[in-house]
Amino acid sequence: GDSVTQMEGPVTLSEEAFLTINCTYTATGYPSLFWYVQYPGEGLQLLLKATKADDKGSNKGFEATYRKETTSFHLEKGSVQVSDSAVYFCALIFSGGYNKLIFGAGTRLAVHP
Amino acid sequence: ETGVTQSPTHLIKTRGQQVTLRCSSQSGHNTVSWYQQALGQGPQFIFQYYREEENGRGNFPPRFSGLQFPNYSSELNVNALELDDSALYLCASSRGQGADSPLHFGNGTRLTVT
């Protein structure tokens with residue numbers, strides 16, 4: 001079945017370090033891909049998305065490129081801040097269907113000063 | 001613009017009981033979906049309501065049911081609670097369905113079943 005696999009956390013970085021969180025997916029069709037972020041005690045917030053191969057989603061310094069050939073959507077940021085500490089979820093959804101997002105297990109990021 | 005609000009924020013129930021969780025969708029949104037997030041896991045899709053009808057369901061048993069009201073608010077009902085139902089329940093609303101209709105999530109209801 002369709003699924004999303006993320007690198008296990010926690011990821012611990014110093015402020016201003018480079019961030020990569022790996023995400024790969026298995027899908028029978030051509031999904032749209034998303035990164036959501038969950039801050040402590042809050043719900044999920046959409047961080048960025050890409051709807052087709054080679055699209056790059058970006059927001060707040062975060063970027064991810066939809067790679068169809070490697071079925072990947074890795075999240076990157078050039079310089080993380082303490083305020084980026086959160087849990088990051090990679091997810092997919094199919095166009096034309098209902099709102100069934102398929103999520104990965106999440107990756108916790110901790111950024112220290 | 002008012003976001004998605006859920007109530008209550010926390011709830012403790014005993015195994016075998018029934019529970020109702022509530023969600024007010026964001027203004028202008030006509031679609032509501034519910035997700036279950038177990039501790040340390042990603043959210044899992046329970047079902048979706050569009051125009052007061054359930055039109056999509058994940059791999060959850062019938063004791064998980066819901067309603068959507070004319071103002072697009074929604075309820076999630078769970079009967080015969082089991083210990084494994086302990087989780088964060090997230091409601092999300094959108095203007096439509098699918099990839100072109102971003103979901104806006106509430107902060108969730110933390111359900112503990114003892």
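Residue numbers begin at 1 in each chain, while the letters A, B, ... track the order of the sequences.
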Participant: Is there a continuous path of hydrophobic side-chain contacts, each under 4.5 Å between heavy atoms, that joins B:F64 to B:L83?
Facilitator: yes

Participant: Can you tell me how far CD of A:E42 sits from CG of B:L90, rounded to the nearest 0.5 angstrom?
Facilitator: 12.0 Å

Participant: Group every Ile, Leu, Val, Met, Phe, Trp and Tyr by side-chain heavy-atom contacts under 4.5 Å, then state whether B:V4 and B:F47 land in the same group.
Facilitator: no

Participant: More than 12 heavy atoms of other residues, nucleotides or ligands under 6.0 Å from CZ of B:F69: is that the case?
Facilitator: yes

Participant: Please classify the contact of B:L88 with chain A as side chain, backbone, both or neither, using a heavy-atom distance under 4.5 Å.
Facilitator: side chain

Participant: What part of B:T9 lies closer than 4.5 angstrom to a heavy atom of chain A: side chain, backbone, both or neither?
Facilitator: neither

Participant: Is it the case that more than 12 heavy atoms not belonging to B:R57 sit under 6.0 Å from its CZ atom?
Facilitator: yes

Participant: How close do B:N107 and A:G43 get, counting heavy atoms only, and between which atoms?
Facilitator: OD1-N, 3.0 Å

Participant: CZ of B:R63: more than 12 outside heavy atoms within 6.0 angstrom?
Facilitator: yes

Participant: In terms of heavy-atom proximity below 4.5 Å to chain A, should B:L103 be classed as side chain, backbone, both, or neither?
Facilitator: both

Participant: With a 4.5 angstrom heavy-atom cut-off, could you sort out which part of B:Y50 is near chain A: side chain, backbone, both or neither?
Facilitator: neither

Participant: Would a hydrophobic clustering, with Ile, Leu, Val, Met, Phe, Trp and Tyr connected at side-chain separations under 4.5 Å, put B:W34 with B:V19?
Facilitator: yes

Participant: Verify the cluster assignment for A:L109 and A:Y39: are they in a single hydrophobic cluster under the rule of side-chain heavy atoms below 4.5 Å apart?
Facilitator: yes

Participant: Is there side-chain contact between A:F89 and B:P43, with heavy atoms separated by less than 4.5 Å?
Facilitator: yes

Participant: Other residues, nucleotides and ligands only: do more than 12 of their heavy atoms fall within 6.0 Å of CD on B:E54?
Facilitator: yes

Participant: Looking at B:F45 and A:L101, what are the two nearest heavy atoms and their distance?
Facilitator: CB-O, 4.4 Å

Participant: For A:Q45, is it the side chain, the backbone, both or neither that has a heavy atom under 4.5 Å from a heavy atom of chain B?
Facilitator: neither

Participant: So which of A:A105, A:G9, A:G106, A:S32 has the largest heavy-atom pair count under 4.5 angstrom toward chain B?
Facilitator: A:A105

Participant: Does atom CG of B:N71 have more than 12 heavy-atom neighbours, drawn from other residues, nucleotides or ligands, at distances under 6.0 Å?
Facilitator: yes

Participant: Which region of B:Q44, side chain (C-beta onward) or backbone (N, CA, C, O), has a non-hydrogen atom less than 4.5 Å from a non-hydrogen atom of chain A, or is it both or neither?
Facilitator: neither

Participant: Could you give the distance from CG (A:L44) to OH (B:Y35), rounded to the nearest 0.5 Å?
Facilitator: 9.5 Å

Participant: Counting heavy-atom pairs under 4.5 Å with chain A, which one of B:Q41, B:Q6, B:R110 comes out on top?
Facilitator: B:Q41

